[in-house]
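Working notes for the structure below.
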Amino acid sequence: MSGITYLRGDATVPSVKGVKIVAHVCNDIGGWGKGFVLALSRRWPEPEAAYRAWHRDRAAGGFGLGAVQLVQVERYVWVANMIGQRGIRTGSKGVPVRYEAIDTALDRLAGHARELGASVHMPRIGCGLAGGTWSRVEPLVEERLVRRGIPVTVYDDG
């Protein structure tokens, strides 16, 4: 039995009280322009600007697989840019998703969520353009967040 709440709707509009973190997976090459990030950018300009600056300053800023960047977009809403995919194309090395990087990022996200007393809201991370499968990602979300008492809601498009 999953401790994750599943809803139809938009992960950029979490309808619960309290502090919320909207989490999503980014690539490690600085690309932002397809998939869930479009919904984020329509709602808030800050996550894209922060991600691009983070990538530009990657040598000094800890940018890389498994890293997490928290960006405050409203008084009680943060966006977590999590680096969980290598590149953007499926090729000889398979799909871009990197499950171990998502696992590391979720572990780091848990620390931020506990610090802020936040719930976590996300699409099925790593399962769109990154090419991952939810059957591999869901146990990571369960282990790193749910089992630590962090409420998680996963949104599927209406």
Side-chain angles (χ1 to χ4, degrees), residues 4 9-14 16 18-89 95-132 134 136-155 157:
I4 298 170
D10 182 351
T12 68
V13 190
V16 297
V19 180
K20 299 162 274 291
I21 299 172
V22 176
H24 71 110
V25 165
C26 302
N27 61 64
D28 66 347
I29 61 168
W32 181 292
K34 288 186 176 173
F36 182 70
V37 298
L38 296 176
L40 284 172
S41 291
R42 276 193 299 273
R43 193 147 165 77
W44 306 290
E46 298 92 345
E48 178 180 359
Y51 169 79
R52 291 189 185 283
W54 188 30
H55 176 260
R56 199 172 37 253
D57 302 331
R58 61 191 169 276
F63 184 96
L65 287 171
V68 177
Q69 178 190 51
L70 231 55
V71 182
Q72 190 167 14
V73 293
E74 292 178 16
R75 185 170 178 195
Y76 297 109
V77 181
W78 298 75
V79 170
N81 292 332
M82 303 188 303
I83 311 301
Q85 74 179 73
R86 166 86 66 206
I88 56 173
R89 301 213 190 312
V95 293
V97 69
R98 293 295 178 264
Y99 295 108
E100 59 285 346
I102 290 175
D103 188 45
T104 299
L106 287 169
D107 189 45
R108 291 176 173 157
L109 176 62
H112 293 300
R114 290 183 99 158
E115 217 171 88
L116 293 167
S119 56
V120 174
H121 305 264
M122 63 178 72
R124 292 184 188 235
I125 58 170
C127 298
L129 297 170
W134 188 243
R136 296 264 320 261
V137 175
E138 184 184 43
L140 305 177
V141 173
E142 288 273 348
E143 177 70 28
R144 297 301 182 185
L145 301 173
V146 175
R147 288 200 184 128
R148 293 180 181 170
I150 297 162
V152 176
T153 303
V154 171
Y155 297 78
D157 281 335

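Side chains are part of it too, since the values below use all heavy atoms of this structure and drop only hydrogens, waters and symmetry mates. Residue indices begin at 1 and follow the sequence shown.
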**OP:** Taking the side chain as every heavy atom from C-beta outward, state whether Pro96 and Asn27 have any atom pair closer than 4.5 Å.
**Re:** no

Original post:
Where the side chain of Tyr99 meets the backbone of Val137, is there a donor-acceptor pair that is under 3.5 Å apart?
Top reply: no

Original post:
Do Val141 and Met122 have side-chain heavy atoms sitting under 4.5 Å apart?
Top reply: yes

Original post:
Is there side-chain contact between Ile88 and Leu129, with heavy atoms separated by less than 4.5 Å?
Top reply: no

**OP:** Working to the nearest 0.5 Å, report the span between OG1 of Thr12 and CZ of Phe36.
**Re:** 6.0 Å

**OP:** Report the distance from atom CZ of Arg98 to atom OG1 of Thr104, rounding to the nearest 0.5 Å.
**Re:** 13.0 Å

**OP:** Identify the two heavy atoms, one from Ile83 and one from Gly64, that lie closest to each other, and give their separation to 0.1 Å.
**Re:** CB-O, 3.1 Å

Subject >> Glu143 side, atom CD; Leu106 side, atom CG - distance, nearest 0.5 Å >> reply: 10.5 Å

Original post:
Side-chain contact, heavy-atom cut-off 4.5 Å: Leu116 with Tyr76?
Top reply: no

**OP:** Assess whether atom CZ of Arg89 is packed by more than 12 heavy atoms of other residues, nucleotides or ligands within 6.0 Å.
**Re:** no

Original post:
Among all residues two or more places apart in sequence or in another chain, which pass the side chain to side chain contact (heavy atoms under 4.5 Å, CB included) test with Asp157?
Top reply: none

Original post:
How many angstroms lie between atom CD of Gln69 and atom NE2 of His55, to the nearest 0.5 angstrom?
Top reply: 12.0 Å

Subject >> Minimum heavy-atom distance between Val68 and Leu109, given as atom pair plus value >> reply: CG2-N, 4.3 Å

Original post:
Do you know the tightest heavy-atom contact between Val120 and Ala113?
Top reply: CG2-CB, 4.1 Å

Original post:
Which heavy-atom pair separates Gly84 from Ala101 by the least distance, and what is that distance?
Top reply: CA-CB, 4.0 Å

Original post:
Going by heavy atoms in the side chains, are His121 and Val16 under 4.5 Å from each other?
Top reply: yes

Original post:
How long is the gap from CZ on Arg114 to NE2 on His112, to the nearest 0.5 Å?
Top reply: 13.5 Å

Original post:
Do side-chain atoms of Gln72 reach the backbone of Arg75 as a donor and acceptor pair under 3.5 angstrom?
Top reply: yes

Original post:
Are any of the side-chain nitrogens in Asp107 or Arg148 under 4.0 Å away from the carboxylate oxygens of its partner?
Top reply: yes

**OP:** With sequence neighbours excluded, tell me which residues meet salt bridge (Lys or Arg N to Asp or Glu O under 4.0 Å) with Arg86.
**Re:** Asp28

Subject >> Note, Trp32 side chain near Asn81 side chain (heavy atom, < 4.5 Å) >> reply: yes

Original post:
Got Glu48 and Leu40 here, is their nearest side-chain heavy-atom distance under 4.5 Å?
Top reply: no

Subject >> Side chain to side chain, Trp44 and Val77, heavy atoms closer than 4.5 Å >> reply: yes

Original post:
So, for Met82 and Ala23, which heavy atoms are closest and what is the spacing to 0.1 Å?
Top reply: CE-CB, 4.0 Å

Subject >> Short side-chain to backbone donor-acceptor contact, Gln85 and Gly87, under 3.5 Å >> reply: yes

**OP:** Return yes if some donor-acceptor pair links the side-chain N/O of Glu142 with the main-chain N/O of Arg144 below 3.5 Å, else return no.
**Re:** no

**OP:** For residues Trp134 and Pro139, report the shortest heavy-atom separation together with the two atoms involved.
**Re:** O-CD, 4.1 Å

Original post:
Roughly how far, to the nearest 0.5 Å, is the CZ atom of Arg43 from the CG atom of Asp10?
Top reply: 7.0 Å

Original post:
What class does the angle between the rings of Phe63 and Trp54 fall in, given that below 30° is parallel, 30 to 60° is tilted and above 60° is perpendicular?
Top reply: perpendicular

